[in-house]
Amino acid sequence: MFLEEIMSEKKEQYEESALYRIRHSAAHIMAEAVLEKFPEAKFAIGPAIEDGFYYDFDLPRPLTPEDLESIEKRMRGLIQTKGKFERKVVSADEAKAIFKDQPFKLELIDGLEAGELDEDGNPTQEKPEISLYTQGNFTDLCRGPHVEVTTQINPSAIKLLSVAGAYWRGDEKRPMLQRIYGTAWNTPDELKDYLWRMEEAKKRDHRKLGQDLDLYSVVDEIGAGLILWHPKGGKIRKIIENFWSEEHEANGYDFVYTPHIGKAQLWETSGHLGFYKENMYSPLDIDGQQFYLKPMNCPFHIHIYKNSIRSYRDLPIRYAEEGTVYRYERSGVLHGLMRVRGFTQDDAHHFCRPDQMPAEIDFVLDFSLHILRSFGFASINAYLSTKPEKSVGEPERWLAAEAALEDSLKRSGIDYQVDQGGGAFYGPKIDLKVNDALGREWQLSTIQFDFNNPERFDLKFIGEDGQPQRPYMVHRALLGSLERFFGVLIEHYGGAFPVWLSPIQVAMIPIADRHFEYAKDTAVQLRKAGLRVMVDDRSERMNAKIRDAQNQKIPYMLVIGDKEIENNQVSLRLRSGENPGPIAISTFIERAKEDIQRKI
RNA sequence: GCCACCGUAGCUCAGCUGGCAGAGCAGACGUUUCGUAAACGCCAGGUCAAGGGUUCGAUUCCCUUCGGUGGCUCCA
C-alpha cells in the first residue's frame with residue numbers, strides 16, 4: 001500500500017538517522033552508568049524509540065528520582081571520556097561466555113541462535129549474525145548502529161524522564177523490570193523544544209481542561225471510570241447529539257432505544273459470555289434469573305430486526321442508538337475520558353442484502369468521513385483489517401466483504417493501510433483514526449462486518465424467490481464513544497471549541513453598573529438570535545472580566561461602556577486577543593451566525 | 001491486574017528529621033464603578049483519602065483498602 005510504504009520508509013529513514021544512533025548510543029551509556037551504580041544489575045533491552053530511548057533493568061531496589069539524577073549526571077561524565085563504540089562479531093558460544101551472568105542476554109542469544117528472534121525480541125526470518133558493541137567498560141549485545149564516539153552525543157541535549165515498570169518481553173507472566181525512559185537530541189535547543197512541546201501537551205490534557213473549564217468530573221464516591229458530565233460538558237454533548245441525530249435522520253437511519261440489561265441466555269446466544277466475559281460485570285439476580293449489564297448493543301438491535309419477518313424490499317435497515325454500555329477495564333488502564341468503564345457509543349447496525357453490501361459500505365464510509373470532518377478533523381487515516389486465522393463465516397463471504405471494504409476505501413480517496421489478519425474473528429473491519437492539532441492519532445470510527453451474529457441469531461429475510469436468506473450485518477460507531485470523542489475534541493481544540501460547540505458563545509462585559517441594563521437587553525436580543533450568552537454583572541473591573549472570559553475560552557467578548565450605548569453598538573473582542581472593536585449588534589449577530597454555520 | 005510515585009480547603013500548592021493545620025486563587029460580605037488578561041478590605045472554609053497499628057502524642061512512621069499519575073499488559 002502506498003501509505004504503508006511511506007510509513008515504513010519513514011521508519012527506515014529514522015533508523016538510519018544520526019539522531020537514532022545518538023539515542024541508541026545514549027541507551028548504552030545509560031546502561032553503563034546503571035551498571036556502575038548497581039554492579040549486580042541484570043540488563044535486558046534498550047532501544048531507541050520515538051523522541052528518545054529506554055533501557056530495561058532488573059535491579060536490587062526500586063529507583064528513585066535522585067537515582068535518575070545521579071545516573072544522568074554520570075552519563076554526562078561518561079560522554080566526556082570520549083569512548084569509542086566498537087563493533088565485534090562473535091559466535092553464539094563466545095557471546096554466551098561474555099554474558100554468562102546476564103540471563104536476559106542469554107535468552108536473547110538463544111533466540112538469535114535459533115534464528116527466530118532478533119535482539120529486540122522481534123521475530124525474524126534469517127539467522128542474524130551476533131554482534132557486540134563496546135564503549136568504555138560496557139559491552140552489549142546489539143545490532144547497532146551507533147555513533148562512533150561518545151562525544152557525538154551532546155551531553156546537554158539528553159535527559160532522563162521517568163522510570164516505569166515493564167514486563168520482560170512484554171509478557172505479564174514474566175518478571176517485571178524497571179524501565180528508564182530518556183530523551184536525546186542533536187542540540188540543547190532541540191531538547192528544550194521537545195520539553196516545551198511536552199508542556200504544551202500537558203496544558204491541553206483533557207483531564208486538566210475538563211477541570212478548569214468545568215466540563216466533567218470523575219469522583220471517588222461514585223467510582224473509577226464513571227463520568228459525570230457537568231452543565232458545560234453536557235451542553236457540548238447535547239450539541240453533538242443533536243447534530244448526530246439530524247445527520248442520521250437525513251441519511252436513512254431509524255432510531256431505536258434499548259435497555260441496559262439483558263438475560264444471561266441472550267449473551268450466551270450472542271457469544272459474549274463465551275468470548276467477552278472478561279469485560280463483563282458480574283450478573284444481577286432478578287427473581288432467580290441472571291441478567292448482565294450490556295457491554296454492547298448489538299443483541300438488542302438484532303432482536304428488533306427479528307421482531308418481524310423482513311422482505312428483501314425492506315433492506316437495507318439501519319438502526320441507530322446512542323447506547324450506553326458498561327465494560328470492565330483493569331484499574332491501571334483507566335484514563336480520564338479516553339478509557340472508562342461506562343460509556344455511550346454512537347452505535348448503529350445495518351442489515352442488508354448481499355447485493356446491497358458494496359453500496360452500503362460506500363455509504364457508511366462517506367457518512368463517517370463527513371461526520372468526522374464536521375468536527376474539524378481534516379487528517380483521517382483508515383486501517384483495513386482482514387481475516388484472522390481463527391474466524392467464523394464462509395471464506396467467500398470474507399473475501400467479498402474485504403473487497404467491498406477496500407473498494408470503498410479506494411473510491412473515498414483517503415489513505416489507508418492493510419492489517420493482514422487483524423480483523424475480529426467475526427468479520428473484517430475498517431477503523432478510522434484522526435490526527436489532532438498536535439499530530440497525535442486517535443481511533444474514533446469503526447466499521448465492522450459481522451458474520452457471527454446473523455448465524456447465531458438465525459437472521460433471515462425473504463428473498464425475491466420467496467426463500468429465506470441470510471442478511472449481511474454491519475456494526476459501526478462513528479464517534480466511537482461520546483466520552484472518548486469529547487476527550488479528543490477537548491485536546492484537539494485545547495478547550496477553545498469552535499463557536500458552534502462552545503457552551504457559552506458570548507460573554508457580555510459591561511464596564512460599570514450603569515451599563516448592566518443595556519448589556520442585559522442586548523443579551524436578550526442575542527439569545528433570540530439563537531446565541532448562548534452570559535452577562536458578567538459582577539462588581540469587577542473590566543480587565544478581570546476579560547481575563548475570566550479568556551480563561552473560559554469564550555469565543556466572543558462584547559465590551560459595553562458609555563460609547564457603545566450612545567452608538568447602539570457593542571465592542572467585539574475575540575479570544576485570540578484580536579480586537580475588532582465597536583460594531584452594530586446586528587452586524588455581530590450576522591458574523592456569529594456565519595461562524596456557527598461554517599463550524600469554525 | 002503489575003511496577004514506581006502520589007493523595008493536605010472547591011482549585012493550585014507549603015507544612016525539615018512525629019509536638020495544637022498554612023498561603024494564593026475561587027466563595028460570602030462590604031468598599032470601589034473602572035475602556036481590552038487579576039481593584040481593596042474583611043469573613044468563612046479541613047475527619048490532612050478511608051480503616052487499622054506503633055507512640056505519652058501521628059498530617060508526618062508502618063500495614064490494608066480506595067483513588068490518581070507515568071509506564072507495562074490488555075483494548076470486539
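Chain A is the first sequence line, chain B the second, and so forth, proteins listed ahead of strands; every chain is numbered from 1.
- Listed candidates were rU73(B), rA37(B), rU33(B). Nearest to the side chain of R573(A) is rA37(B).
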Original post:
Given the rule in the salt bridge (Lys or Arg N to Asp or Glu O under 4.0 Å) test, do D458(A) and K306(A) qualify, once you have shown the distances and angles that lead to the verdict?
Top reply: CA-CA 9 Å; D458(A) 193 24; K306(A) 267 175 77 94; 5.7 Å; no

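- For A224(A), the listed nucleotide lying nearest its side chain is rG68(B); candidates were rG68(B), rA37(B), rU33(B).
- Taking the centre of each ring, F57(A) and Y55(A) come in below the 6.0 Å mark.
- For the pair K433(A) and Y383(A), the cation-pi test (distance below 6.0 Å, angle within 45°) is passed.
- Of the candidate nucleotides rC74(B), rG67(B), rA38(B), rC74(B) has the atom lying nearest to any side-chain atom of R330(A).
- Between H335(A) and the phosphate of rG70(B), there is a side-chain N or O to OP1/OP2 separation shorter than 4.0 Å.
- Counting only heavy atoms from C-beta on, A544(A) has its side chain closest to rA38(B) among rC75(B), rA38(B), rG67(B).
- R575(A) and Q552(A) share no side-chain donor-acceptor pair at under 3.5 Å.
- rU32(B) and rC40(B) are spaced 8 Å apart, taking the C1' atom of each and rounding to whole Å.
- Separating the P atom of rG52(B) from that of rU60(B) is a span of 13 Å, rounded to the nearest Å.
- If you take atom P in rU64(B) and the same atom in rG1(B), they sit 14 Å apart, rounded to whole Å.
- Minimum atom distance to the side chain of V333(A) is reached by rC74(B), of the listed rC74(B), rA76(B), rG35(B).
- Within the structure, every side-chain polar atom (N or O) of R538(A) is placed at least 4.0 Å from both OP1 and OP2 of rU32(B).
- Looking at S70(A) and K37(A), their side chains do bring a donor and an acceptor atom within 3.5 Å of each other.
- Judged by distance alone, with hydrogens and angles left aside, N543(A) brings no side-chain donor or acceptor close enough to the base of rU36(B) to form a pair under 3.5 Å.
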Subject >> Structure string for RNA chain B in dot-bracket form, Watson-Crick and G-U at under 3.5 Å, | interchain >> reply: (((((((..((((.....[..)))).(.(((.......))).).....(((((..]....))))))))))))....

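- Side-chain to base pairing of E329(A) with rG1(B): no donor and acceptor N or O lie closer than 3.5 Å to each other.
- For R327(A) against rC74(B), a side-chain-to-base donor-acceptor contact under 3.5 Å is absent.
- Comparing rA76(B), rG35(B), rU36(B) by their closest approach to the side chain of F425(A) singles out rA76(B).
- Between rG68(B), rC34(B), rA37(B), one nucleotide has an atom nearer to the side chain of R514(A) than all others, and that is rC34(B).
- Note: W185(A) and F53(A) fail the aromatic proximity criterion, with ring centroids not under 6.0 Å apart.
- Here the nucleotide nearest the side chain of S539(A), chosen from rG1(B), rU31(B), rG68(B), is rU31(B).
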Subject >> Test side-chain hydrogen bond (donor to acceptor under 3.5 Å, both in side chains) applied to R456(A) and N452(A), step by step >> reply: CA-CA 6 Å; R456(A) 285 177 167 268; N452(A) 187 43; 3.1 Å; yes

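- The phosphate of rC72(B) (OP1 or OP2) has a side-chain N or O of Y181(A) nearer than 4.0 angstrom.
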List, one per line, each side-chain donor-acceptor pair under 3.5 Å for residues 208-215 of chain A, sequence neighbours excluded.
residue : atom : partner : partner atom : Å
K208(A) : NZ   : D212(A) : OD2          : 3.1
D214(A) : OD1  : H230(A) : ND1          : 2.7

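- Between rU8(B) and rG24(B), the two C1' atoms lie 15 Å apart (nearest whole Å).
- For rG1(B), the base has a donor-acceptor partner in the side chain of Y167(A) [N/O atoms by modelled type, under 3.5 angstrom].
- Nearest to the side-chain atoms of M176(A) among the listed nucleotides rC2(B), rG1(B), rU12(B) stands rC2(B).
- Taking atom P on both rC5(B) and rC20(B), the two are 29 Å apart, rounded to the nearest angstrom.
- Of the candidate nucleotides rU36(B), rC34(B), rG1(B), rU36(B) has the atom nearest to the side chain of N579(A).
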